[in-house]
Amino acid sequence: MTERRKIAVLISGRGSNMASLISASMDPNYPAEITLVISNKPGAPGLERAAEFGIETATIDHKDFPRDREAFEKALDEKLKEHGIEFVALAGFMRLLSPWFVTQWRERMINIHPALLPSFKGLHTHERALEEGVKLHGATVHFVSAEMDDGPIIIQGAVPVLDGDTPDTLAERVLAVEHRIYPKALELVASGRAKVKDQRVAVSGEDPELADTVLIWP
Ligand code: GRF
């Protein structure tokens, strides 16, 4: 049987990406196992979803640590270590993490962002993509560095921007691609196929035929 890495998913909201990771990890041959879901927001809908899958959940409310980011992050870090967590996947986790925390989990923490980085870092990515008139938009999974929405890129998925798109229709198309690329990225990282070298991610065992795939729109 495949050796499975222990993963915690950090969320703040509905947790659809979390659910896509949990679903992928239901396959015993998947190299990662989601053993813990932590929310910084009490009552985040994703917590209930995780519990339905039978995954242990915890809430560490940042508001319990007013003006003390360090204490909040120490509590987070302790919880992760208590559970023997090896990799952390951020999935709609809406807190900026300090360089201290990022260093603790360097090359062992990944994030999904709803844009083709380095374009559209930050919030409201779909509105901004429409404003700029880009023809291709998408999502990125990357290792987390101390800068927001920065760090070595593991995988990207692109979708066309269609005439008449609204932020909502575009978000829906991007979300579908997020649910495909996040499980794939975690698989690459947990199996050791994706490794950081000189601030870039090298993936071993890539299918050379895929390198010919070109997405042109319109
Ligand atoms: C996703 O669009 C993700 O890319 C971004 O926040 C959103 C979270 O959605 N970081 P969900 O909670 O995974 O459904």
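In listed order, ligands and their atoms are each counted from 1. Not measured: the values here are computed from a predicted model.
Judged as a ring pair (Phe, Tyr, Trp, His ring centres under 6.0 Å), and not counting sequence neighbours, H113 has no contacts.
Of the protein's heavy atoms, G15 N, 2.9 Å lies nearest to atom 12 (O) of ligand 1. Protein heavy atom in closest approach to atom 5 (C) of ligand 1: P114 CD, 3.9 Å. Atom 9 (O) of ligand 1 has its closest protein heavy atom at R14 NH2, 3.3 Å. Closest to atom 4 (O) of ligand 1, if we only count protein heavy atoms, is E178 OE1, 2.7 Å.
Of the options L10, I55, T59, a side-chain contact (heavy atoms from CB on, under 4.5 Å) to V37 is made by I55 and by none of the others. Screening I11, I110, L97 against L90 for a side-chain contact (heavy atoms from CB on, under 4.5 Å) leaves a single residue, L97.
For E127, the CD atom is densely surrounded, since the number of other residues' heavy atoms within 6.0 Å is greater than 12.
Looking at L175 next to ligand 1, no N or O pair under 3.5 Å apart turns up. Polar contact with ligand 1: present for I112 (N/O pair, distance under 3.5 Å). Taking distance alone, with nitrogen or oxygen atoms compared against 3.5 Å, N17 approaches ligand 1 more closely than that limit.
Remark: D150 engages K121 in a salt bridge, criterion side-chain N to carboxylate O under 4.0 Å.
Here the CD-CD1 distance, from E187 to I181, works out to 13.5 Å after rounding to the nearest 0.5 Å. Y30 contributes atom OH, which lies 10.5 Å from atom OG of S23 (distance to the nearest 0.5 angstrom).
Heavy atoms of A139 come nearer than 4.0 angstrom to ligand 1 in no pair at all. Residue I11 places every heavy atom at 4.0 Å or more from ligand 1.
Nearest to atom 11 (P) of ligand 1 by heavy atom, out of G46, G92, S16, is S16.
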